[in-house]
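So the structure is just underneath, and the comments pick up after that.
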Amino acid sequence: MKTYTAQTPAAPGYRNSSDPLDPAWRPEPRPAPPPPGPRRPADHQPPPGPRLIQPAPPDYRMPDERPYRRDVPVHAAPPEHTPSPSPQPGEPDGGVSVEARWWADLRQQIVYRAKRLNTGHMIEADQRYGQRDALGPHGVMLFFVSEAAAQPHGYQLHTAYRLWLASPESQHLPRLLADLTEVVGDSITRAGAAGRRWHPLGPQGSMVNGGDMTLPAGAVYVGVGVTTLDSDQGRWQQLARTLRSSGDDRRRSVFDLKGQCFVLLTDGTALHVDRDPHAPIGADGVRCTKPLDPDRVIHYNPHEHLTEQGDTVTRDTWTQLTRLHHTLTGHLLAGRPA
């Protein structure tokens with residue numbers, strides 16, 4: 001049996017509610033603070049007795065304390081931690097020469113530029129497929145550098161390219177490069193007979209039709225490359241028809257297709273770029289005969305003889321690209337220091 005304790009009735013007009021959400025709730029009055037005690041007089045002295053902490057002598061200094069100088073800011077770094085000067089041109093930086101870092105950075109930029117151009121080539125070829133101005137599966141890239149003091153390594157990369165319309169002559173890459181090499185040789189000969197100096201960017205006998213069509217004064221040729229839409233997935237014409245096939249259960253787009261690039265540079269570098277949109281993270285698809293990272297020590301490079309690897313079409317492509325590269329190098333860099 002429950003029992004209830006009688007509560008004292010509240011005063012009239014006052015509700016003894018403990019719920020803060022109740023409109024009639026009021027906070028309990030706080031007790032007044034105690035009056036302050038008497039203050040110590042100004043001449044108060046502590047009681048006599050042993051002191052646990054002895055005062056430091058007047059001439060004592062902390063270990064990290066340094067004498068103040070009016071000519072040195074307080075936040076200035078100590079003299080013994082003065083940073084070493086930055087390496088001058090030609091001096092090694094961390095055991096790697098400045099020239100080696102320059103070429104390694106150029107290789108990385110060319111890899112990025114080649115991938116971007118190959119992607120644009122494939123998208124444009126897909127949009128023009130089946131039209132009168134359809135693009136062929138292959139193209140040629142030319143690389144130049146000019147001085148740019150504002151850039152990290154003091155140079156600016158320029159890229160010009162040549163794409164062909166779709167035709168039977170532009171389907172076979174090695175034969176296309178061989179024909180282009182003959183055209184370049186004839187252009188050099190005719191310009192020399194007329195008392196002119198031929199340049200691949202024109203204005204007469206230009207071998208490019210896109211990219212950086214004009215170069216700043218003093219731009220130097222550094223390499224040639226190839227962009228192709230043929231890959232281990234198949235030839236471009238076959239892949240383009242597959243994209244438009246209605247019987248394919250797994251529909252693909254042009255952004256699912258692979259592409260590849262071949263590049264030769266004037267320092268002897270050979271680059272092969274396998275652009276795969278579905279490659280796993282960390283797999284860049286780049287094979288190079290020389291290092292892309294100058295700070296990474298490589299004791300064995302499996303791609304040292306890259307131009308001799310691959311199937312017959314790949315080796316023939318390297319052979320014809322080498323002929324074109326030597327023709328351009330011998331003409332554009334004739335008389336220049338190595």
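Both backbone and side-chain heavy atoms feed into the values below; hydrogens, waters and symmetry mates do not.
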Of the non-hydrogen atoms in [X] and [Y], which two are nearest, and what is the gap between them?
{"X": "H121", "Y": "G139", "answer": "CE1-N, 4.2 Å"}
{"X": "L264", "Y": "A270", "answer": "CD2-CB, 3.8 Å"}
{"X": "L163", "Y": "H138", "answer": "CD2-O, 4.2 Å"}
{"X": "R162", "Y": "S206", "answer": "NH1-O, 4.3 Å"}

Student check: side-chain heavy atoms of [X] and [Y] closer than 4.5 Å:
{"X": "L333", "Y": "V220", "value": "yes"}
{"X": "L239", "Y": "Q233", "value": "yes"}
{"X": "T269", "Y": "L271", "value": "yes"}
{"X": "H272", "Y": "Q309", "value": "no"}
{"X": "R175", "Y": "E169", "value": "no"}
{"X": "M141", "Y": "L117", "value": "yes"}
{"X": "Q204", "Y": "R196", "value": "yes"}
{"X": "N209", "Y": "Y161", "value": "yes"}

To the nearest 0.5 angstrom, please state how far the [atom1] atom of [X] sits from the [atom2] atom of [Y].
{"X": "L243", "Y": "Y129", "atom1": "CG", "atom2": "OH", "result": "9.0 Å"}
{"X": "L229", "Y": "N118", "atom1": "CG", "atom2": "CG", "result": "6.0 Å"}
{"X": "S231", "Y": "R275", "atom1": "OG", "atom2": "CZ", "result": "8.5 Å"}
{"X": "L177", "Y": "L324", "atom1": "CG", "atom2": "CG", "result": "6.5 Å"}
{"X": "H199", "Y": "L142", "atom1": "NE2", "atom2": "CG", "result": "9.0 Å"}
{"X": "D230", "Y": "L257", "atom1": "CG", "atom2": "CG", "result": "11.5 Å"}

Shared hydrophobic cluster, [X] / [Y] (ILVMFWY, side-chain heavy atoms < 4.5 Å):
{"X": "L292", "Y": "V145", "result": "yes"}
{"X": "W164", "Y": "M213", "result": "yes"}
{"X": "V224", "Y": "M207", "result": "yes"}
{"X": "W236", "Y": "F255", "result": "yes"}
{"X": "I188", "Y": "V208", "result": "yes"}

Is a side-chain N or O of [X] found less than 3.5 angstrom from the main chain of [Y], in a donor-acceptor match?
{"X": "D274", "Y": "Q260", "answer": "no"}
{"X": "S170", "Y": "S167", "answer": "yes"}
{"X": "N301", "Y": "C288", "answer": "yes"}
{"X": "H153", "Y": "L106", "answer": "no"}
{"X": "R315", "Y": "G310", "answer": "yes"}

Run the side-chain contact (heavy atoms from CB on, under 4.5 Å) check on L328 and V184 step by step: do they pass? CA-CA 8 Å; L328 292 172; V184 170; 3.9 Å; yes
List the residues meeting side chain to side chain contact (heavy atoms under 4.5 Å, CB included) with Q151, not counting sequence neighbours, and say none if there are none.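 Residues passing side chain to side chain contact (heavy atoms under 4.5 Å, CB included) with Q151: A148, Q156.
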Side chains of R128 and Q131: do they bring a donor and an acceptor to under 3.5 Å? no
Under a 3.5 Å cutoff, is there a donor and acceptor pairing between the side chains of H158 and S146? yes
Full working for side-chain hydrogen bond (donor to acceptor under 3.5 Å, both in side chains) between Q238 and R235: CA-CA 5 Å; Q238 176 186 0; R235 299 178 65 86; over 6 Å; no
Pairs in or reaching into residues 284-305: which pass ring pair (Phe, Tyr, Trp, His ring centres under 6.0 Å), with residues at least two apart or in two chains?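 Those involving residues 284-305 do not exist here.
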Not counting sequence neighbours, list each pair that qualifies as a ring pair (Phe, Tyr, Trp, His ring centres under 6.0 Å) and has a residue in residues 202-228.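 Checked against ring pair (Phe, Tyr, Trp, His ring centres under 6.0 Å) - neighbours excluded - the pairs reaching residues 202-228 are F144-Y221, Y221-H325.
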Across all chains, not counting sequence neighbours, the salt bridge (Lys or Arg N to Asp or Glu O under 4.0 Å) partners of D316 are none
My understanding is that only residues two or more places apart in sequence, or in another chain, count here; which of them pass salt bridge (Lys or Arg N to Asp or Glu O under 4.0 Å) with D311?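 Partners of D311 under the salt bridge (Lys or Arg N to Asp or Glu O under 4.0 Å) test: none.
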In plain terms, say whether [X] and [Y] are close enough for a salt bridge, that is, a side-chain N and a carboxylate O under 4.0 Å apart.
{"X": "D126", "Y": "R244", "result": "yes"}
{"X": "R107", "Y": "D267", "result": "yes"}
{"X": "D284", "Y": "K115", "result": "no"}

Under the 4.5 Å side-chain heavy-atom rule for ILVMFWY, direct or indirect, which residues accompany V313?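 Listed partners: none, V313 stands alone.
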Run the side-chain contact (heavy atoms from CB on, under 4.5 Å) check on E304 and T289 step by step: do they pass? CA-CA 5 Å; E304 183 178 0; T289 58; 5.7 Å; no
Where does the angle between the aromatic ring planes of W102 and Y155 fall among parallel (under 30°), tilted (30 to 60°) and perpendicular (over 60°)?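 Tilted, since the angle between the ring planes falls between 30° and 60°.
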Measure up the H331 and W198 rings against each other and bin them: parallel (under 30°), tilted (30 to 60°), perpendicular (over 60°). tilted
Give the C-alpha distance, both sets of side-chain angles, the deciding distance and a yes or no for side-chain hydrogen bond (donor to acceptor under 3.5 Å, both in side chains) between T159 and R113. CA-CA 8 Å; T159 306; R113 194 71 59 89; 3.0 Å; yes
What do the steps show when you test L306 against W318 for side-chain contact (heavy atoms from CB on, under 4.5 Å), and what is the final call? CA-CA 9 Å; L306 180 62; W318 282 118; 3.9 Å; yes
Mind running side-chain contact (heavy atoms from CB on, under 4.5 Å) on W103 and T266 for me, showing each step along the way? CA-CA 10 Å; W103 279 105; T266 53; 3.4 Å; yes
